Structures are given as C-alpha cells and as structure tokens.
S.K.: 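Take this structure, written in structure tokens, and hold onto it; I'll ask about it next.
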Amino acid sequence: MGKHLRLLSHKNRPKSPQKHSKPAPWVDVSDDERPRKIPRTGGLSVNGQGSRKVNGVSTNGHGGPSKASEHHSPGNFHNSSMNGRHSPSGDINGHRRKKARRGSLGATQENIDVQSGGKFSEIQEQRKLLPIAQGKDALLEEIRRNDVTILLGETGSGKTTQVPQYILEGGLADKGMIAVTQPRRVAATSLAARVSVERNTKLGHLVGYSVRFDEKNGSDTRIKYLTDGMIMRELMSDPLLSKYSVIIVDEAHERTLRTDLLISNLKSIQKTRNQPVDAKGKGPASHLNPLKIIVMSATLDAEKFSKFFAGAKVVYVKGRQHPVKIFHTAEGQNDYLEAAMRTFFQVHNDQGPGDVLIFLPGQEDIESLNKSIQLFANQLPQERMEVLTCPMYAAQAPGQNSKVFLAAPTNTRKCILATNIAETSLTIPGVKYVIDTGKCKEKQYLARDSGGGFDTLLTKDITKSSANQRAGRAGREGSGMCFRLYTEDAYNAMPPMAEPEIRRCSLTSSVLQLKCFGQDIQELEFMDGPDLDSVISALKTLYLLGALDKQKQLTSTGRDMASFPLEATYARVVLASREYGCTREILEIVSVLSASSKLFQDIAEQRDSAAEARRALRHPSGDHLTVLAAVRSYTALSSNPETATRSARRQWCDRHYLNERALLEARDIYTQLRQTCSRQGIDCNVSCGERDEPILKALAHGLVQNSALLQPDGASYKQTMGRSVVKIHPSSVLADKKVPAIIYNELVYTNQIYARGVSSISKSFFNTIPALNQRQA
DNA sequence: GAGCACTGC
C-alpha cells in the first residue's frame with residue numbers, strides 16, 4: 001500500500017513552482033505575476049463597429065476570453081454563468097446562501113433570499129457593484145443599435161440577472177415581454193425568484209417563470225424566465241413568438257439540442273418580424289413588433305455565434321473569480337485512478353485546509369477510488385487530518401448526494417468524488433483543490449440505416465472548455481489549485497468545445513416537432529447541422545410509427561403524437577393504447593419511463609437485498625409490467641389509512657429500493673398526460689384490468705423498431721429491424737431469462753450492446769403492426 | 001452481470 005504514496009519518479013519531476021521546500025510533480029503553467037488584463041471601458045468591451053473579428057478584445061490586446069484561456073491566467077476561467085448567479089446573493093448575504101444550499105440537490109439556488117430578502121436599498125447598492133453594472137450604458141447602447149447581440153460574460157458578472165432588468169429600465173421592450181431562456185428548470189425558477197426580489201415585486205407579477213409542471217406569470221409579467229424546451233413548445237401556438245420583444249438565450253455555449261433549435265428558429269423569426277415596412281406602410285411585417293435577440297455565452301465560441309447572426313456584435317463582460325493555480329503532470333498518466341489517489345494524498349499531506357474535488361468519468365470509477373482512498377486514509381497516522389469521502393453522481397440514492405453540502409467535521413478534509421454533475425449542475429461549497437482526470441462519459445447516438453440506432457456511452461477525453469470549467473470549481477470561494485492528471489500538451493490538443501448535442505442524439509422527436517411547425521430539419525439553418533444519417537434514421541422511425549407518410553408529410557397520427565410531451569415512441573404507445581383499451585395502464589407506465597430519475601435504485605453494497613425486496617414487484621413478462629406493479633402498489637398506499645402518510649410511503653419505497661422522487665415526478669407527468677389525452681379526445685380511464693396482453697401489444701406498437709428475437713445461442717437477441725446482436729441489460733428482470741422475442745425501451749453500448757427496459761412478447765404480436773408487415777412483405 | 005449530465009403547454 002505504501003508504494004501508492006510514492007510520487008512520480010524523482011528524476012522526472014520538474015522544479016517545484018512553489019515556495020514549498022518539497023518538490024511537487026507538477027508543472028505550473030499558471031502565471032500569477034502576469035498583470036491581469038483589464039478590458040476597456042468599465043469591465044465591458046465591445047468589438048469595433050462593423051468589424052467581423054470577434055471582440056476587438058482579441059485584436060487590441062486588451063485581454064479577451066480566448067486569449068486569457070490560452071494563457072491559463074488564473075481568475076480568467078470561463079465558467080458557465082450558472083455559477084455566476086450565486087454571486088449577487090452571495091455578496092449580499094453569503095451566510096444565508098450557504099444555508100440554502102444545504103441539503104438541496106440540484107436546487108442550489110432555490111429559495112435564496114426570497115423570503116428573507118435583503119433590504120431593498122442594500123440590494124440596489126449590491127447590483128451596482130456587479131462587474132456588469134459598470135458597462136450598463138454601453139451595453140444598452142449596443143443592444144439598442146443592434147438586432148442581435150452576443151454577450152460573453154464570465155462567471156460572476158451578473159449578466160443573467162441584470163441584463164433583463166437593464167433592458168426593462170432602458171425601455172427597450174415596451175411592446176412585449178423579455179424572455180430569458182435556460183437549459184435547466186431550477187435555474188429558470190430560482191433566477192426569476194432572485195430578480196423578482198431585486199425588483200421588489202412578488203414573483204409571478206413583473207417577473208415570472210414558466211417551466212414544465214410549474215408556471216408563475218400573469219398579464220403584468222414583463223420579464224419571464226423559461227426553459228428552452230418550454231419556449232420551443234410555445235412556438236407551436238405562436239410561431240413568431242410575437243409576445244416577446246426581446247429574447248435572451250442564456251447558456252448558449254452548452255449547445256443543447258433545444259437551444260440550437262431555438263437559435264435557428266429565432267434567426268428566421270427575426271427576419272420575418274424585422275422586415276422593413278415598405279413605402280405604403282404595408283410591409284408584410286408592418287404590424288409586427290420587431291425582435292431583439294441576445295445570445296449569452298460563457299466560452300470561446302463567440303465567433304461562431306457572431307458568424308451565424310451575420311457578424312453580430314460581441315460584447316464581453318468580465319467576471320468575478322478567485323485565482324486558481326493550475327498544474328499539469330509532466331508525463332501522461334496511464335492509470336488515472338491511481339494518479340488521482342496519489343495526487344489526493346499529496347494534497348492532503350502538503351496543503352492547507354480546504355476540500356478536494358476529484359472529477360471522474362463515472363460511477364464505477366467513483367466507487368473504486370472511494371474504496372482505495374478510504375482504505376488508505378485509515379492507515380494514516382493518528383495526528384493527520386481525517387478524510388471524509390463523498391461520492392457524487394446523479395444515479396446515487398437521494399439523500400446521499402446532499403451529504404456533500406454539509407461542512408466537514410473539525411480536523412477533517414472532505415474528498416468529493418464526482419462525475420460531471422459537479423461541473424455545471426451543482427456547486428459544492430468549501431472546495432479549494434480540484435483534481436481533474438481529464439475524462440468524462442458522453443452519450444453519442446449512432447444512427448443505423450435500418451432506421452433505429454443506439455446510444456453509446458463511452459469514456460472520452462474532455463474538452464478545453466470543460467477543463468477550464470473544472471478548474472474554476474476550485475476558485476469559487478477563494479484562491480484555489482487545480483491538478484490536472486494530463487500534460488499541458490494534452491490540454492492544448494483538446495478540442496475547444498464538446499460536439500453540440502444536435503450531432504450526438506436521436507433526432508426523432510425534434511424532427512416530428514419541427515414538422516408540426518411546417519419545418520424541415522434539413523432546410524433549417526443551423527450553427528452546426530445534424531448528421532444526414534441521424535436525419536434519415538429519424539425520418540424512417542417516424543414513418544414506421546405512422547407519424548409521416550411516404551412523402552415525409554406529417555400524418556394526423558403524427559400531429560397527435562407531437563401534442564404529447566413524450567418521446568415519439570412513447571407517444572405512439574399512448575395512441576395505440578386506445579385500440580387495446582389500456583390507456584390507463586399505458587399512461588402509468590409511460591410516466592415512469594419519462595421521469596428523469598430512475599425508479600429502481602441500485603446501491604452496490606445492498607444489491608442482494610435490493611433484488612430480494614424487488615421480487616415482490618417483479619412481473620414475469622418483464623420490466624414494463626414490473627414498473628406498473630410498482631406504481632400500483634405505491635398508489636395503493638394512499639388509499640389505506642395506515643399507509644397513507646408521507647413517511648409510511650417513504651418507508652415503503654426504501655424497503656423496496658424504489659426512488660420516491662421518480663414516483664412523484666411520474667405522478668406529475670401522469671397528470672399532464674391525462675390533460676393532453678382529454679384535449680385529444682382520448683379516454684384515459686379505459687383500463688384492461690388484470691390482462692397483460694393489451695398492454696404489451698400497445699407497447700409493441702411504439703417499440704416496433706426496438707424488438708429482437710432470441711438467437712440460437714440462447715443468450716443474445718438479434719434485432720428484427722436491424723443487424724445488431726444485443727443482450728438484455730443486467731438490471732432487467734429478464735436478465736437471466738430466455739424468451740423467444742423481446743421489445744425494449746433503448747439500446748446502450750458500453751461494453752456490449754445492452755437492451756434496457758425489456759419485456760417478453762409473443763412473436764405473433766408483430767403481425768398486428770402494419771409498418772412491420774409492410775416491410776416484411 | 002452494469003448505469004455522464006440535462007429536458008418537454
């Protein structure tokens with residue numbers, strides 16, 4: 001064990017960059033002495049008039065974002081402004097802010113100051129101190145003069161909370177609302193709450209929000225925070241988004257599928273709405289209220305956004321971030337787990353107090369490193385500071401993740417082992433040291449010409465933007481250090497940004513949604529267009545589902561499908577449930593499948609007892625009916641007075657290793673789906689009682705492409721509509737069973753191609769599915 | 001025999 005503490009071989013060690021007497025195996029590429037470059041005019045710089053070059057900053061030597069990043073200048077990391085939002089409240093009353101974070105999962109900004117509120121005048125004073133405040137007038141002038149503005153704001157600049165207010169104060173949105181779009185729900189709701197406090201108004205009046213399942217706005221709402229998925233839905237009923245005068249697309253650098261679709265649509269909407277009125281005052285758009293677009297981003301791709309919007313102005317706002325000293329290894333590391341462990345104990349031995357955050361690609365690595373660190377920490381001399389490890393990943397049992405927000409006991413150093421969840425979604429207080437393995441897992445959709453396709457989930461090297469984001473996590477509360485387990489050359493060779501999501505995921509549902517707006521994904525103008533293979537695959541799937549006809553025209557089935565907030569396959573299942581008289585059961589199942597958290601928890605140490613407890617719910621036909629059994633048992637608790645209490649329900653969930661959060665979310669989705677059904681004239685109370693067959697038949701309709709037949713080897717299955725050979729995922733209740741034919745929710749390639757969410761069906765079911773027979777004929 | 005992170009009138 002002792003050998004693990006041995007550092008990299010001595011002769012390879014570079015000279016220590018630090019004043020410590022002990023040499024460290026790190027090359028310091030940060031440059032504390034380099035004067036911090038100050039952009040022009042009060043923290044705000046703008047590219048030259050008419051200049052296409054991004055951000056005069058990079059040419060006039062005033063220090064721009066791309067330049068800063070290449071020099072790894074501390075304090076100039078480009079963190080997602082998700083973090084930046086903490087800044088205003090943090091400045092005002094950091095104490096309460098910390099409290100609000102405790103125990104909250106994901107909702108790190110929830111309830112910040114909302115009830116407590118600072119004094120109004122005090123809040124206004126603090127607003128004036130934000131970095132962006134110095135550039136307010138210049139910024140407003142740019143927005144007034146241009147239809148599109150790209151705003152590059154560093155962490156802590158205050159852009160997301162302030163810019164909408166400036167626009168309101170400056171009277172730039174007198175004819176309509178200001179929309180601020182966010183990729184995440186919690187961000188939208190908590191930002192609205194914060195800004196509402198800053199305006200000294202009640203949430204839902206001047207400032208409101210709109211996210212799935214939750215909405216607070218009224219006729220007097222002028223600033224509305226909403227998720228990008230929500231505004232895409234609004235596009236269905238209001239194709240020109242005419243109620244908004246200004247649309248601010250925040251976190252655009254994340255390049256989510258919905259953000260990209262929105263940006264594409266905004267460009268063409270603006271073209272229509274801002275058309276000049278002709279001489280007779282009868283221009284086609286003369287009655288339309290012109291639209292201003294502001295794209296807010298936190299990274300290096302300003303040029304791309306600017307180019308897409310015909311050379312739009314780029315405005316840069318400095319942020320507030322403590323300096324982070326960055327170290328790279330002198331040599332590449334073969335075993336990043338071992339390197340991470342050595343580095344952790346090196347930090348633990350040599351550095352002062354402060355928690356350590358280690359970025360790892362996935363749960364498996366986290367569990368393994370967690371064990372090693374604990375084992376080794378137990379052998380440390382008594383007088384050493386103790387080590388408390390906190391694993392953190394999304395699939396972890398609820399409650400486990402919140403442990404990370406509690407302060408460590410005295411004389412204890414917290415070591416947080418996290419996936420990318422700690423990169424943008426959660427901010428952990430107390431972190432001073434970051435260890436970055438340089439790895440992450442990324443989903444990538446592989447389209448197949450057969451129409452379907454599958455996701456791969458493989459470990460990859462991260463991007464520059466991600467590396468900077470990770471490093472920035474060490475500088476949230478004070479100066480910090482980041483130890484990268486890769487060389488500086490490796491860093492320099494990293495791609496600047498991740499591939500946008502539009503090139504990485506199935507486009508089936510998006511193609512359908514766009515068809516409903518009368519748009520063709522192949523004709524839209526994108527910053528990065530989708531792969532042709534993915535488009536073809538999506539069109540083929542939609543055709544098989546009956547959503548499109550042979551001419552790729554939307555069918556009435558397709559229009560009905562699009563009205564459901566569901567993946568296209570599940571929407572088809574709901575429609576099919578009418579024919580089989582099992583809408584009630586299907587809605588119950590589909591709501592759980594659509595929930596963001598997994599229903600069945602899997603805790604490594606308790607795997608056997610979990611399997612035992614789950615046996616009670618297990619249905620022989622497979623996972624879909626097992627889900628139904630779980631939902632029904634859970635719902636039945638409420639009708640029994642003895643188990644109707646909140647805590648009884650929770651206990652029941654714990655006993656069965658079920659994630660109650662998934663069930664609660666599923667209930668919201670269920671309610672929403674019932675509403676959609678009644679609008680569509682579907683009777684959602686029709687039930688097939690105890691019969692299983694109708695349910696499986698309805699499922700088979702939507703999952704036509706996701707079907708496979710047992711191979712002669714008796715262990716694997718061959719797709720009916722593709723060439724892949726797949727295995728049933730070990731988490732399935734059918735994992736060790738042999739059945740002649742299966743349908744499944746999805747395929748994921750990790751070590752092999754696994755089918756997840758599997759049910760056994762009779763081969764004869766395929767005969768009832770028109771698309772399948774057509775193809776076989 | 002195994003699960004990066006988000007999201008939807």
Side-chain angles (χ1 to χ4, degrees), chain A residues 80 82 106 181-188 210-215 217 226-238 251 254-259 261-262 359-367 392-396 418-426 437 439-444 455-460 462 466 469 498 501 504-505 509-510 512-513 516 562-568 570-571 591 594-604 607 611 665 668-669 671-673 675-676 679 715 727-732 734-736 746 748-752 754-757:
Chain A
S80 148
M82 177 87 189
T181 73
Q182 294 292 322
R184 279 169 292 277
R185 288 158 44 99
V186 267
S210 172
V211 300
R212 193 182 189 188
F213 309 129
D214 197 7
E215 188 171 26
N217 56 68
L226 69 180
T227 48
D228 42 21
M230 204 63 167
I231 204 166
M232 284 305 290
R233 279 275 162 184
E234 287 190 4
L235 218 46
M236 268 171 124
S237 54
D238 181 6
E251 313 283 21
E254 289 189 23
R255 303 292 309 276
T256 68
L257 177 59
R258 284 165 299 275
T259 304
L261 290 175
L262 176 64
F359 282 103
L360 293 152
Q363 178 180 347
E364 199 182 339
D365 284 333
I366 288 175
E367 281 171 1
M392 200 165 84
Y393 44 89
Q396 199 169 218
T419 59
N420 261 354
I421 194 172
E423 199 179 290
T424 47
S425 309
L426 295 183
T437 58
K439 305 280 177 193
C440 69
K441 277 192 190 179
E442 197 177 79
K443 238 183 195 174
Q444 170 88 44
D455 286 318
T456 63
L457 186 57
L458 303 171
T459 302
K460 289 181 60 176
I462 59 169
S466 182
Q469 182 83 29
E501 200 181 41
R504 292 194 289 115
C505 66
S509 297
S510 300
L512 178 61
Q513 194 182 24
C516 287
S563 65
F564 286 91
L566 290 174
E567 277 173 41
Y570 295 146
S591 337
S594 305
S596 52
S597 30
K598 288 260 176 297
L599 176 59
F600 297 108
Q601 290 177 28
D602 210 336
I603 305 150
R607 207 154 278 176
E665 191 186 341
D668 285 340
I669 298 173
T671 309
Q672 200 182 33
L673 293 179
Q675 286 162 2
T676 312
R679 272 201 300 273
K727 278 196 154 179
I728 297 178
H729 194 274
S731 64
S732 168
L734 291 182
D736 39 13
E746 56 175 359
V748 181
Y749 176 79
T750 50
N751 296 316
Q752 20 184 353
Y754 288 109
R756 281 204 294 215

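This structure is a prediction, so every number in the text was calculated from the model and none was measured. Residue numbering restarts at 1 for every chain, and letters A, B, ... go by the order of the sequence lines.
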S.K.: Phosphate oxygens OP1/OP2 of B/dG3: is one of them under 4.0 Å from a side-chain N or O of A/Y754?
M.R.: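 No.
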S.K.: Answer yes or no: is there an ion pair linking A/R184 with A/E254, defined by an N-O contact shorter than 4.0 Å?
M.R.: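 Looking at A/R184 and A/E254, the cut-off is met.
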S.K.: From CD1 of A/I231 over to C1' of B/dT7, roughly how many Å is that when rounded to an integer?
M.R.: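 Those two atoms, CD1 and C1', are 15 Å apart.
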S.K.: Which nucleotide, B/dC4, B/dC6, B/dG8, lies nearest any side-chain atom of A/L457?
M.R.: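 From the listed options, B/dC4 comes nearest.
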S.K.: Taking the side chain of A/H729 as heavy atoms from C-beta outward, which of B/dG3, B/dT7, B/dA5 is closest to it?
M.R.: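 Given the options B/dG3, B/dT7, B/dA5, the side chain of A/H729 is closest to B/dG3.
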S.K.: Quick one: A/R184 CZ to B/dC6 C1', roughly how many Å, whole number?
M.R.: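 The distance from CZ of A/R184 to C1' of B/dC6 comes to 7 Å, rounded to the nearest Å.
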S.K.: Once you round it to whole Å, what is the distance between P of B/dC6 and CG of A/L261?
M.R.: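 Going from A/L261 (CG) to B/dC6 (P), I get 20 Å.
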S.K.: Examine B/dC9: is either OP1 or OP2 under 4.0 Å from a nitrogen or oxygen in the side chain of A/R679? Give yes or no.
M.R.: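 Checking A/R679 against B/dC9: no side-chain N or O falls below 4.0 Å of OP1 or OP2.
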S.K.: Starting at atom CG of A/N420, determine the distance to atom P of B/dA5, rounded to an integer number of angstrom.
M.R.: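 Value for this atom pair: 8 Å.
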S.K.: With sequence neighbours left out, write down each residue that passes ring-ring contact (aromatic ring centres under 6.0 Å, His included) with A/Y754, or none if nothing qualifies.
M.R.: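 Partners of A/Y754 by the ring-ring contact (aromatic ring centres under 6.0 Å, His included) criterion, ordered by chain and then number, come out as A/H729.
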S.K.: Measuring to OP1 and OP2 of B/dC9, would you say a side-chain N or O of A/S237 lies under 4.0 angstrom away?
M.R.: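 Checking B/dC9 against A/S237, no side-chain N or O comes under 4.0 Å of OP1 or OP2.
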S.K.: Taking only N and O in the side chain of A/R212, is any of them less than 4.0 Å away from OP1 or OP2 of B/dC9?
M.R.: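 Indeed, a polar side-chain atom of A/R212 lies that close.
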S.K.: Among B/dC6, B/dC4, B/dA2, which is the nearest nucleotide to the side chain of A/P730?
M.R.: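 Within the option list, the nearest is B/dA2.
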S.K.: Nearest-Å distance, CD (A/E251) to P (B/dT7)?
M.R.: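 From A/E251 CD to B/dT7 P: 12 Å.
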S.K.: Does the side chain of A/T419 get closer than 4.0 angstrom to OP1 or OP2 of B/dA5 through an N or O atom?
M.R.: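 Yes, within the criterion.
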S.K.: Between B/dA5, B/dC9, B/dT7, which one does the side chain of A/P565 approach most closely?
M.R.: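 Selected nucleotide: B/dC9.
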S.K.: Of all the choices, B/dG3, B/dG8, B/dC6, which nucleotide is nearest to the side chain of A/Q363 once you look at every atom?
M.R.: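 Looking only at heavy atoms from C-beta outward on A/Q363, the closest nucleotide is B/dG3.
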S.K.: Have a look at A/A735 and say if it touches a base, only the backbone sugar-phosphate, or nothing, with a 4.0 Å heavy-atom cut-off.
M.R.: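 A/A735: no heavy atom of the nucleic acid under 4.0 Å.
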S.K.: Starting at atom CG of A/D736, determine the distance to atom C1' of B/dA2, rounded to an integer number of angstrom.
M.R.: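 After rounding, the reported distance stands at 14 Å.
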S.K.: Looking only at heavy atoms, which two atoms of A/A187 and A/Q182 are closest? And how far apart?
M.R.: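 For A/A187 and A/Q182, the tightest heavy-atom pair comes out as CB-OE1, 3.8 Å.
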S.K.: Does A/E364 CD have over 12 foreign heavy atoms under 6.0 Å away?
M.R.: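 12 or below, so no.
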S.K.: Where each residue is assigned the nucleotide of DNA chain B containing its nearest heavy atom, which of A/F564 and A/N751 is assigned the position nearer the 5′ end?
M.R.: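 The residue whose closest nucleotide sits nearer the 5' end is A/N751.
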S.K.: What verdict does the side chain to side chain donor-acceptor pair (under 3.5 Å) test give for A/T259 and A/D228, after you've listed the backbone C-alpha separation in whole Å, the side-chain angles of each residue and the deciding distance to 0.1 Å?
M.R.: CA-CA 6 Å; A/T259 304; A/D228 42 21; 2.6 Å; yes
S.K.: Please tell me which of the listed nucleotides, B/dT7, B/dC9, B/dC4, lies nearest to the side chain of A/R233?
M.R.: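 Among the listed nucleotides, the one closest to the side chain of A/R233 is B/dC9.
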S.K.: For A/A571, give me all partners under side-chain contact (heavy atoms from CB on, under 4.5 Å), at least two apart in sequence or on another chain.
M.R.: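 A/A571: side-chain contact (heavy atoms from CB on, under 4.5 Å) contacts with A/M561, A/F564, A/L566.
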S.K.: What contact category does A/L566 fall into here, base, sugar-phosphate, or nothing, at under 4.0 angstrom with non-hydrogen atoms?
M.R.: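 Since a base atom lies under 4.0 Å of A/L566, the category is base.
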S.K.: Is any side-chain N or O of A/T750 closer than 4.0 Å to OP1 or OP2 of B/dG3?
M.R.: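 So the side chain of A/T750 is within the cut-off, an N or O lying under 4.0 Å from OP1 or OP2 of B/dG3.
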S.K.: Nearest whole angstrom, please: distance from the C1' of B/dC6 to the CG of A/D455.
M.R.: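 Rounded to whole Å, this separation is 14 Å.
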S.K.: Both A/Q672 and A/E442 contact DNA chain B. Taking the nearest nucleotide for each, which residue is further toward the 5' end?
M.R.: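 Nearest nucleotide further toward 5': that of A/E442.
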S.K.: Could you work out which one of B/dC9, B/dT7, B/dG8 sits closest to the side chain of A/M236?
M.R.: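 When the side chain of A/M236 is considered, B/dC9 is the closest of B/dC9, B/dT7, B/dG8.
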S.K.: Nearest whole angstrom, please: distance from the P of B/dG8 to the CE of A/M230.
M.R.: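 A/M230 atom CE is separated from B/dG8 atom P by 7 Å.
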